[in-house]
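Presented below is the structure to which this report refers.
Residue numbers begin at 1 in each chain, while the letters A, B, ... track the order of the sequences.
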Amino acid sequence: MSGDHTHNDSQIESGSRVNDAHKHKDKHKDKEHRHKDHKKDKDRERSKYSNSEHKDSEKKHRDKDREKMKHKDGSVERHKDKEKRKEEKIRSLDGKPKKEKENGFASPPRIKSEPDNDSFYPSPKHEKSLKRERDDDDSEFKPKKIKTENDKKAKKRKQEDEEDIKPKKKTKDKKGEVADGKKKAKKEPEEKWKWWEEERYTDGVKWKFLEHKGPVFAPPYEPLPSNIKFYYDEKPMKLSEKAEEVATFFAKMLDHEYTTKDIFRKNFFKDWRKEMTSEEKAKITDLGKCNFTEMSDYFKAQSEAKKQMSKEEKQKIKEENERLLQEYGFCVMDNHKERIANFRIEPPGLFRGRGDHPKMGMLKRRIRPEDIIINCSKDSKHPKPPPGTKWKEVRHDNKVTWLVSWTENIQGSIKYIMLNPSSRIKGEKDWQKYETARRLKKCVDRIRSQYRDDWKSKEMRIRQRSVALYFIDKLALRAGNEKEEGETADTVGCCSLRVEHIKLYPEKDGQEFVVEFDFLGKDSIRYYNKVPVEKRVFKNLQLFMENKQPEDDLFDRLNTSILNKHLQELMDGLTAKVFRTYNASITLQQQLKELTSPEENIPAKILSYNRANRAVAILCNHQRAPPKTFEKSMQNLQTKIDAKKDQLADAKRELKSAKADAKVRRDEKSKKAVESKKKAVQRIEEQLMKLEVQATDREENKQIALGTSKLNYLDPRISVAWCKKWGIPVEKIYNKTQREKFAWAIDMADEDFEF
DNA sequence: GGTAATACTTAGTATACCACGG
DNA sequence: CCGTGGTATACTAAGTATTACC
């Protein structure tokens, strides 16, 4: 396997590499920026992850980290700097589910399982029969061969679009079956609309009719009462309204650690000064001399007072919110009332990016009607801007799904108001996503064998592409788009990995060809993993790293656009992220099969489900900060466990004496007593076990977030099928919101569903 | 062919809410 | 009835991918 390829490798090196380093102008440029950036980095302070609050255990982890890094380091200076920075900001992961982490994930290593894939998976034929006619081919789905029923409905949709929407119904509605449900609650448009039984739009049209009330703006600023003062240089100072408002943003964050960070303070102060009058600007020149504590205390008191409000007052607020929701929280899209996800405009405040963000502390400005673009249908009742104001624009673009948009001032990106996940428009897309992943399942073997062949390619770009794809597939890494330097925190994904993010060990911990990954991914969450890889991959990585600086790109001949173009050729609709979806879902399905024991009771089965879910979360590296109350709640649980243990001891003692008693007396009654004591012991043992299992479960979940994978990566039909198969109420797995989002899956998946 | 803009999904965390035991 | 703690929801940042543009 090896010899000749080593040869091959070196050929390539000499061939393409030399030019490589400088061929890509932009990449090169990038690097220079990055160097500069290092200096900046130095003054950057620790990120949220060094948070003081998760004290003990957290610190321990950190220390471990540090050791590890020392251990592995010993190189370049710059690197050290970086490492130091990393140490500080990184949220340590290891120390806990180590076994799982180290070999990637608990689930069977994918590559290894390749050979038996065929036996494991159902045949393609079977697959096909499961598919509904409107399945995947999504984009180029042709409306033709639809069941007549669908046909009618499709027609109906068209008709109705042309008419005026809501006033009518229940007349000659073709959906007679549903009609009466519609009637009873006039607000609820046809109880539960099964959009998944209807035909989808083709050719990029997203809707035919769209009407909504526009956004809800942030409440205007309310100036502070005059007795609440701001002090500059020990002296009280009355601020102009604008300056005061921005000051309150800072005051509200005062006990947050980040108000002590230089970058945060610098950015804040700069933007604050922009809001000041010229007199204020002249006077206030040093943030260090600003005293916001009175303001801060005032807000604390306010929120305290809010908590203490009477029930009636709270009720009133609740009702007002409900009213707002009813008025602005819904839209009509194609004849159906749909819930809007975020109808409130983001209020002004100080920007806090995640991780080590260069723009933290900047002022996120207030959005006015003049900033807002409204999207709705021409023939709808357009939302009115607040009195005396105008929208920036009203447009009628039915090729997009958003209702409202505006441009945000921190990154200059566009923000949108869109529909809830329970809406047709989101649901269809979600469904389609899983269908694409299922199509990948059918050809993943082919793709895998191809990229393995490509490891031997004589073209550098192809080798890089194939190794990157291997990582994306095996480790579920994100694609890794390039990002603008200095605009965001320094994070990477697969294609943007740098040499400094991996370490190669020909041999480590008894395993050959180990790659150690250590980088910050999305949301500055650390990815740390040690993975044994194929020799060829290892050799390739050595090749890619040769003659490079730590801050150089590992895959200098690759980016996400190249990769996705390639993937597109392998399978229609295939992109890098499909692998994550596919691997997450297939892992869940497989783990469920493996972990569910038929004889177990429902709680035990649910535990198995959670374990399967957790395997996926670990695979996808979905982490969370340990809940603030974690230690305490663990303690509570432990107390319960201890109490249960005592109880058990008591019960056992009683059993013993009952037995002794029975031995002496030998009568029915004492025998019965023994039996009942025995049962009691059993029951208590069971309860104890449950508690202990719960404790384990919680401990294992300390830093792992299950929600993200549940919501975004796991084909809900797998879970629904599992529930049906084992008689688990679906409510045990999905809460109300989740059931709404996955209504399509709950409705259509039966217990034989195979992903 | 590369870059910027756009649209939409995925992400972790702050906070609201609600059930429950004292 | 109240506080507590645990879950659900709100929020919005940060990704991915496609499209528009030059």
Side-chain angles (χ1 to χ4, degrees), chain A residues 24-26 48-49 51 91 139 204 206 256 303 306-308 311 314 317-318 321 325 329 341-347 349 351-355 357 359-360 364 373 375 397 399-402 405 407-408 410-421 425-426 429-430 433 472 478-484 487-489 491-496 520-525 559-565 567-568 573-578 580-581 584 617 620-630 632-633 636-637 698 703-705 707-713 734-738 740:
Chain A
H24 286 304
K25 264 192 295 213
D26 313 296
K48 57 179 175 182
Y49 303 127
N51 244 328
R91 174 200 292 174
S139 41
K206 302 292 169 55
H256 243 117
S303 67
K306 207 176 154 194
K307 268 187 225 149
Q308 300 306 319
K311 257 208 309 272
K314 280 184 184 165
I317 292 175
K318 213 174 147 187
N321 277 335
L325 172 68
N342 55 323
F343 58 91
R344 286 169 207 273
I345 300 277
E346 298 173 17
F351 176 81
R352 168 61 180 150
R354 302 183 219 236
H357 199 114
K359 298 194 171 182
M360 64 170 80
K364 194 167 107 166
I373 300 173
N375 192 32
D397 182 356
K399 299 279 208 289
V400 297
T401 68
W402 53 268
S405 77
T407 301
E408 153 269 349
I410 303 288
Q411 310 284 357
S413 63
I414 308 170
K415 300 269 192 164
Y416 303 93
I417 290 182
M418 292 185 187
L419 297 193
N420 203 61
I425 208 146
K426 294 292 184 188
K429 200 80 186 293
D430 206 38
K433 172 181 76 186
I472 284 170
R478 295 186 185 82
N481 284 324
E482 49 266 74
K483 330 180 4 180
E484 220 177 319
E487 296 290 300
T488 61
T491 63
V492 298
C494 186
C495 294
S496 48
L520 297 183
K522 183 178 180 180
D523 295 309
S524 293
I525 296 294
N559 61 37
T560 53
S561 158
I562 294 170
L563 178 63
N564 280 336
K565 244 169 230 152
L567 292 176
Q568 193 59 238
L574 186 61
T575 63
K577 86 187 187 87
V578 178
R580 249 167 102 82
T581 311
C620 294
N621 200 40
H622 290 143
Q623 299 186 41
R624 61 168 184 178
K628 290 198 187 22
T629 56
F630 185 84
K632 188 152 58 149
S633 87
N636 290 160
L637 202 52
R698 197 179 295 179
Q703 288 178 282
I704 298 173
T708 304
S709 49
K710 204 177 195 176
L711 237 47
N712 299 301
Y713 288 102
Y734 291 133
N735 68 30
K736 183 163 146 295
T737 316
Q738 296 168 154
E740 278 166 17

Note to self: Between the opening five pairs and the closing five pairs of the helix from B/dG1-C/dC22 to B/dG22-C/dC1, how far apart are the helix axes, to 10°?
What the structure shows: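 Overall, the helix from B/dG1-C/dC22 to B/dG22-C/dC1 bends by 10° from one end axis to the other.
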Output all residues satisfying side chain to side chain contact (heavy atoms under 4.5 Å, CB included) with [X], sequence neighbours left out; order by chain, then residue number.
{"X": "A/I562", "result": "A/L558, A/N559"}
{"X": "A/P627", "result": "A/R624, A/T629, A/F630"}
{"X": "A/K736", "result": "A/R739, A/E740"}
{"X": "A/L637", "result": "A/L691, A/Q694, A/A695, A/R698"}

Would you mind classifying the nucleic acid contact of [X] as base, sugar-phosphate or nothing, using non-hydrogen atoms under 4.0 angstrom?
{"X": "A/P421", "value": "nothing"}
{"X": "A/G521", "value": "sugar-phosphate"}
{"X": "A/G412", "value": "nothing"}
{"X": "A/K364", "value": "sugar-phosphate"}
{"X": "A/A341", "value": "nothing"}
{"X": "A/N735", "value": "sugar-phosphate"}
{"X": "A/K710", "value": "nothing"}
{"X": "A/K522", "value": "base"}
{"X": "A/T491", "value": "sugar-phosphate"}

Can you see if the side chain of [X] gets near the phosphate of [N] - specifically, an N or O under 4.0 Å from OP1 or OP2?
{"X": "A/S405", "N": "B/dT6", "answer": "no"}
{"X": "A/N342", "N": "C/dC11", "answer": "no"}
{"X": "A/H357", "N": "C/dA13", "answer": "no"}
{"X": "A/Y713", "N": "B/dT9", "answer": "no"}
{"X": "A/K577", "N": "B/dT10", "answer": "yes"}

Check: Which nucleotide in the list C/dA13, B/dT13, B/dA7 gets nearest to the side chain of A/R624?
Finding: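 Between C/dA13, B/dT13, B/dA7, the one nearest the side chain of A/R624 would be B/dT13.
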Margin query: List the residues meeting salt bridge (charged side-chain N to carboxylate O under 4.0 Å, His left out) with A/K364, not counting sequence neighbours, and say none if there are none.
Written below: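 Here the qualifying residues are A/E346.
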Note to self: Nearest 0.5 Å, please: how far is OH in A/Y416 from CD in A/E408?
What the structure shows: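 Rounded to the nearest 0.5 Å, the CD-OH separation comes out at 11.5 Å.
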Check: Rounded to the nearest Å, what distance is computed from the NZ atom of residue A/K628 to the C1' atom of nucleotide C/dT7?
Finding: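 Atom NZ in A/K628 sits about 16 Å away from atom C1' in C/dT7.
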Margin query: Looking at A/K306, I want to see if its NZ is surrounded by more than 12 non-hydrogen atoms of other residues, nucleotides or ligands under 6.0 Å.
Written below: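 At most 12 heavy atoms, drawn from other residues, nucleotides or ligands, come within 6.0 Å of this atom.
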